[in-house]
Amino acid sequence: MSRRTKIYEGKAKILYEGPEPGTLIQYFKDDATAFNAEKKGTINGKGVINNRISEHVFTRLAHIGIPTHFIRRLNMREQLIRQVDIIPLEVVVRNVAAGSISKRLGIEEGEPLPHTLIEYYYKDDALGDPLVAEEHIACFNWCTNEEMHDISSMAIRINDFMCGMFAAIDIRLVDFKLEFGRLYDGDYSRVILADEISPDGCRLWDMNTGEKLDKDRFRRDLGGEEEAYREVARRLGLLNGEDNGPGEVFDLSHARSRLRGPPPLKK
């Protein structure tokens, strides 16, 4: 097996050079961080679960016309993606008060917001990813007005779809983080969804009990992180059985081939 070229390593993923120009391989780690990497740990099997959940969500978003960097899942921890120029913004979509907005504005956690709120954070670990306004984005030319329009429109559409998707499995989508990138075709570029969507970047609460099914279990020392991530995957129909370990995530393509049976014999 040839040694792969590492392009970038972040808190939860590693990017390697892809097999074709314009592609990368995205590897999901079990590492967990919180509070701008001040707290570090490991959630056993998290990378496997997040890879599968993100594949599932990105595939469904593509079906409603959201352009994404996802091409296909390669194995339990890796997926093939399009190489993009990441826009240096974290786009946070909020439906319910939780986390930093509750602390900043004194809103009780769990209070539904009057309407969906989109916030922008400048991606800079050294600065703690500060909250910025659209005026900052325009002033420092982090993206154009047209790109901002595309980002906000996609964020709202993604939120509408995901709220329904999770509500169908009794999960409340409290808030989530998105990242976008520019996909180039010669001198032309368009904005597409990048990074991942998983319990690492979403707040997901059980609709009936309020139980947290996301990385807040790690942030707040609640325990049961592995079980929470697996529960989200199970409700989405991505686990094959109740007793599987963290590595045994349901492979839909393999299952479909088994259901179809062997190919017919040629006469």
Side-chain angles (χ1 to χ4, degrees), residues 11-12 32-41 43 46 49-50 53-54 57 89-125 127-137 148 151-180 195-236:
K11 299 167 187 172
T33 63
F35 311 118
N36 199 28
E38 291 180 10
K39 180 179 182 179
K40 298 179 181 180
I43 301 174
K46 176 175 78 74
I49 295 288
N50 282 355
I53 290 175
S54 193
V57 176
L89 298 171
E90 290 186 353
V91 181
V92 175
V93 183
R94 299 185 184 274
N95 300 304
V96 178
S100 63
I101 195 170
S102 292
K103 294 177 182 177
R104 289 198 317 267
L105 303 180
I107 305 172
E108 184 178 356
E109 189 161 88
E111 182 73 23
L113 298 176
H115 60 78
T116 298
L117 179 65
I118 301 179
E119 294 180 333
Y120 303 97
Y121 295 80
Y122 180 53
K123 280 175 58 66
D124 189 313
D125 287 343
L127 299 176
D129 299 333
L131 176 68
V132 295
E134 291 189 34
E135 286 78 6
H136 294 102
I137 297 169
M148 279 298 297
I151 286 171
S152 60
S153 296
M154 280 192 278
I156 290 296
R157 192 169 185 197
I158 291 167
N159 182 58
D160 288 345
F161 176 81
M162 286 177 49
C163 279
M165 181 186 73
F166 282 116
I169 54 174
D170 289 330
I171 292 177
R172 189 182 194 189
L173 181 59
V174 173
D175 58 40
F176 60 98
K177 174 182 73 71
L178 299 171
E179 292 190 23
F180 294 88
D195 195 43
E196 66 172 301
I197 295 178
S198 75
D200 265 13
C202 302
R203 281 193 172 89
L204 305 169
W205 296 355
D206 183 276
M207 279 188 165
N208 300 309
T209 66
E211 181 183 7
K212 293 175 174 59
L213 302 172
D214 54 67
K215 201 168 75 170
D216 266 353
R217 303 201 70 85
F218 172 77
R219 289 188 189 96
R220 304 183 183 190
D221 297 316
L222 300 175
E225 298 93 343
E226 179 186 329
E227 293 79 5
Y229 280 58
R230 282 174 47 78
E231 176 63 14
V232 174
R234 185 191 68 78
R235 294 195 196 186
L236 287 170

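These numbers come from a predicted model, not from an experiment. Along the sequence shown, residues carry numbers from 1.
- Heavy-atom contacts from other residues, nucleotides or ligands closer than 6.0 Å to NZ of Lys11 number more than 12.
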>> One pair to check against side chain to side chain contact (heavy atoms under 4.5 Å, CB included): Leu213 and Arg235. What are the steps and the verdict?
In response: CA-CA 11 Å; Leu213 302 172; Arg235 294 195 196 186; 4.3 Å; yes
> How far apart are the C-alpha atoms of Met162 and Val93, what are their side-chain angles, what is the distance that settles it, and do they pass the side chain to side chain contact (heavy atoms under 4.5 Å, CB included) test?
Replying inline: CA-CA 11 Å; Met162 286 177 49; Val93 183; over 6 Å; no
> Between Glu231 and Arg234, does a salt bridge (Lys or Arg N to Asp or Glu O under 4.0 Å) hold up when you go through it step by step?
Replying inline: CA-CA 5 Å; Glu231 176 63 14; Arg234 185 191 68 78; 2.7 Å; yes
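- To the nearest 0.5 angstrom, Ser153 atom OG is 10.5 Å from Ile158 atom CD1.
- To the nearest 0.5 Å, atom CD1 of residue Ile171 and atom SG of residue Cys163 are 12.0 Å apart.
- For the pair Asp129 (side chain) and Lys123 (backbone), a donor-acceptor distance under 3.5 Å is absent.
- Listed here is the closest heavy atom pair of Glu108 and Ala97: O-CB, 3.7 Å.
- Here the side chains of Tyr122 and His136 are not in contact, with every heavy-atom distance at 4.5 Å or above.
- Side-chain contact between Tyr229 and Asn50: present, with at least one pair of heavy atoms (C-beta onward) separated by less than 4.5 Å.
- Nearest approach of Ser100 to Tyr121, heavy atoms of both residues: OG-OH, 3.7 Å.
- The shortest distance between side-chain heavy atoms of Leu204 and Phe176 does not fall below 4.5 Å.
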> Going through the checks in order, is the side chain to side chain contact (heavy atoms under 4.5 Å, CB included) test met by Thr33 and Phe218?
Replying inline: CA-CA 8 Å; Thr33 63; Phe218 172 77; 5.5 Å; no
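- Considering only heavy atoms from C-beta on, Ile101 comes within 4.5 Å of Leu117 through its side chain.
- Among all heavy-atom pairs drawn from Ser152 and Ile118, the shortest one is O-CD1, 4.0 Å.
- Judged by distance alone, with hydrogens and angles left aside, the side-chain atoms of Arg217 form a donor-acceptor pair with the main-chain N or O of Gly223 at under 3.5 Å.
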>> One pair to check against side chain to side chain contact (heavy atoms under 4.5 Å, CB included): Met165 and Leu173. What are the steps and the verdict?
In response: CA-CA 9 Å; Met165 181 186 73; Leu173 181 59; over 6 Å; no
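- From Glu119, atom CD reaches atom CG of Asp175 across 9.0 Å, with rounding to the nearest 0.5 Å.
- Atoms CD and CG, on Glu109 and Asp216 in that order, are 7.0 Å from each other to the nearest 0.5 Å.
- Across all non-hydrogen atoms, the minimal contact from Ala155 to Val91 is CB-CG1, 4.3 Å.
- Proximity of Asn95 to Pro112: side-chain heavy atoms (C-beta onward) are nowhere separated by under 4.5 Å.
- Expressed to the nearest 0.5 Å, how far CD1 of Ile197 lies from NZ of Lys177 amounts to 9.5 Å.
- Of all non-hydrogen atoms in Tyr120 and Ile151, the two that sit nearest each other are CE2-CG2, 4.3 Å.
- The shortest distance between side-chain heavy atoms of Ile49 and Glu226 does not fall below 4.5 Å.
- More than 12 heavy-atom neighbours from other residues, nucleotides or ligands sit within 6.0 angstrom of NZ on Lys39.
- Across all their heavy atoms, Arg203 and Ala98 have their closest contact at CD-CB, 3.7 Å.
- Note that the CD atom of Glu225 and the NZ atom of Lys46 stand 11.0 Å from one another [nearest 0.5 Å].
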